[in-house]
There are 2 protein chains.
Amino acid sequence: MTSPAAFAATAALMAEPPRAAMLQALLSGEALTAGELARVAGIGAPAASAHLARLVEGGLVAVHPQGRHRYHRLASEEVAAAIETLGGLAADVAPVARRWPHGDAFRAARLCYDHLAGRLGVALHAGLTGRGWIAPAPGGWAATPAGEAGLAALGVDLPAARRARRFACDCMDWSERRAHLAGGLGREIAACCLRRHWVARLPGREEGDSLARRRLALTPEGARRLGEALGVAA
Amino acid sequence: MTSPAAFAATAALMAEPPRAAMLQALLSGEALTAGELARVAGIGAPAASAHLARLVEGGLVAVHPQGRHRYHRLASEEVAAAIETLGGLAADVAPVARRWPHGDAFRAARLCYDHLAGRLGVALHAGLTGRGWIAPAPGGWAATPAGEAGLAALGVDLPAARRARRFACDCMDWSERRAHLAGGLGREIAACCLRRHWVARLPGREEGDSLARRRLALTPEGARRLGEALGVAA
DNA sequence: GCGGTGCTTCGGGCCCGTGCGAAGGACAGG
DNA sequence: CCTGTCCTTCGCACGGGCCCGAAGCACCGC
């Protein structure tokens, strides 16, 4: 926990509609250019540049210059978790009319930064813990021998997962009020599911819809494989 | 999830140091008067009144007038969870010098609004799920028959837990990066532990220390009982 | 090289929100 | 009642933050 001043400073970074729109767009896990983010936020390039500078300065966003583009991503999964949680709270307290129309499709399966969320993400978490594939460890979770074997058989890149700053930890799922899996393992499981077409990105309603790119759907093949391995129901 | 505008509006409620200090103080679960909160925030009564009005209007704080005092509490456990998560993020990104000096004692056991958090809260969550006392259910967790028996034997008031808006759901523990238990059950377990002196409130370093009242310690008796029943280690 | 594009920095105007002091209700106790 | 306390509303001034237009860099492709 921090001093009220530091807490307020971090909250202030999310407290302006343009910055909020940018952060929500970055929750898709994609790296977006300053120009794209300016368009998402509905402001001019100078204003967007200033906002992004503050987000980077505040440690919420990381920037990767590439030629004449500057790609921006969320700085960490902690940032993504905080945005998700705050978004869920805002959905609770906000008048109904101001809610996003994504509702149910969004609750079923979506990306949360770089890992799976929604009912699918929660079911995966329950399957991994219920079958003893992961076990409590300081600072999060560790893979058990059974888990290493099972995950490798699914095609999950465990060495890559281990290279992450954190192997596996929880992340609050705002729509289910339950934890789903984040960390290196969460990222590699999501990557594996996308690579093997067990989940597919849903085509988003275009333009200004900063959340559309996060929507996912479980494919029949994915339902079969994940159901067999981890008891995940469609 | 919500529109960027609603998201930003909620974040803005936390984005001023006085309001942040008030919210952090309310995270102890206590109901505080407007005057006490003004002192915590270090501002005058008029300013505090205006801030509290906005927090109430925004749905983050609930007010209970009693005589000439007005008692304020956090409006819900979702609010507490969002504050905790954001506080953890701020601790990550803030320069070390600005961190609160609570450190380790705070990580071992503390209150999060009305339920147990820290290593103790996470261990309880692991024990409840690991022994099959709670099982996944839509929107959170439900008690299994074994769990009902075990919890009743410990002295947890299950009927009271059921009367809550949500029986049991996860809440992110920022220090452990794992879920602990919130909802009616989380509240009643904490109440039971305090009532039976299995955990004790630690005397806080006084004054201006809005977090001190949240610190807890597991008593020897508590370590024995919770260890036997749920495998919670001291 | 030279234009075109992407992004940033500078300058200036504007609005919102904050803070205090003073005054005005509401409540408890003598 | 009338006093003291708690809290709120009002009025006003200050300051920080946001936004845009114009200009200045940096980089790619021809």
Side-chain angles (χ1 to χ4, degrees), chain A residues 3-26 30-73 75 90 208, chain B residues 3-26 30-73 208:
Chain A
S3 70
F7 178 98
T10 304
L13 292 175
M14 309 179 176
E16 292 291 324
R19 286 197 291 265
M22 290 173 167
L23 291 170
Q24 288 189 340
L26 291 172
E30 297 170 306
L32 303 175
T33 67
E36 290 173 311
L37 289 167
R39 239 167 292 130
V40 165
I43 56 178
S49 180
H51 283 304
L52 287 169
R54 294 191 59 180
L55 290 172
V56 170
E57 161 77 24
L60 266 56
V61 164
V63 59
H64 305 276
Q66 244 173 61
R68 57 183 167 185
H69 293 283
R70 285 169 72 93
Y71 285 94
H72 298 264
R73 336 177 34 107
Chain B
S3 70
F7 178 96
T10 303
L13 292 175
M14 309 179 176
E16 293 289 324
R19 286 197 291 264
M22 290 173 167
L23 291 170
Q24 288 190 341
L26 291 172
E30 296 171 305
L32 302 176
T33 66
E36 290 173 311
L37 289 167
R39 238 166 294 130
V40 166
I43 55 177
S49 180
H51 283 304
L52 288 169
R54 293 191 62 179
L55 290 172
V56 170
E57 161 77 23
L60 265 56
V61 163
V63 59
H64 306 275
Q66 246 174 59
R68 57 184 166 183
H69 294 282
R70 285 169 72 93
Y71 285 94
H72 299 264
R73 339 176 32 108

Selected nucleotide, minimal atom distance to [X] side chain, candidates [options]:
X	options	result
R68(B)	dC18(D), dG4(D), dT8(D)	dG4(D)
H69(B)	dC7(D), dT18(C), dC19(D)	dC7(D)
S49(B)	dC6(D), dC18(D), dT8(D)	dT8(D)
P46(A)	dT18(C), dC19(D), dT9(C)	dT9(C)
I43(B)	dG19(C), dC19(D), dT8(C)	dG19(C)

Does R70(A) have a side-chain nitrogen or oxygen under 4.0 Å from the phosphate oxygens OP1 or OP2 of dA26(D)?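 No, because none of the side-chain N or O atoms of R70(A) sits under 4.0 Å from OP1 or OP2 of dA26(D).
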Distance below 4.0 Å between H51(A) side-chain N/O and dC19(D) OP1 or OP2: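 For H51(A), the contact criterion (side-chain N or O under 4.0 Å from OP1 or OP2 of dC19(D)) is met.
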Gap between atoms [atom1] and [atom2], on [X] and [N] respectively (whole Å):
X	N	atom1	atom2	answer
L55(B)	dT18(C)	CG	P	10 Å
R54(A)	dC19(D)	CZ	C1'	14 Å
R19(A)	dG17(D)	CZ	P	9 Å
L32(B)	dC6(D)	CG	P	15 Å

Mapping P18(A) and G67(A) onto DNA chain D by nearest heavy atom, which one lands closer to the 5' end?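 Nearer the 5' end of the strand: P18(A).
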Is the shortest heavy-atom distance from the side chain of M14(B) to the side chain of L60(B) under 4.5 Å?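 Yes, side chains in contact.
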Decide yes or no for R54(A) and R19(A): does some side-chain heavy atom of the first lie under 4.5 Å from some side-chain heavy atom of the second?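 Yes, side chains in contact.
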Mind checking if A45(B) touches a base, just sugar-phosphate, or nothing, with heavy atoms under 4.0 Å?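 Base, at least one base atom sits under 4.0 Å.
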Least distance between heavy atoms, A38(A) atom then G44(A) atom: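 Between these two residues, the closest heavy atoms are CB-O, 4.2 Å.
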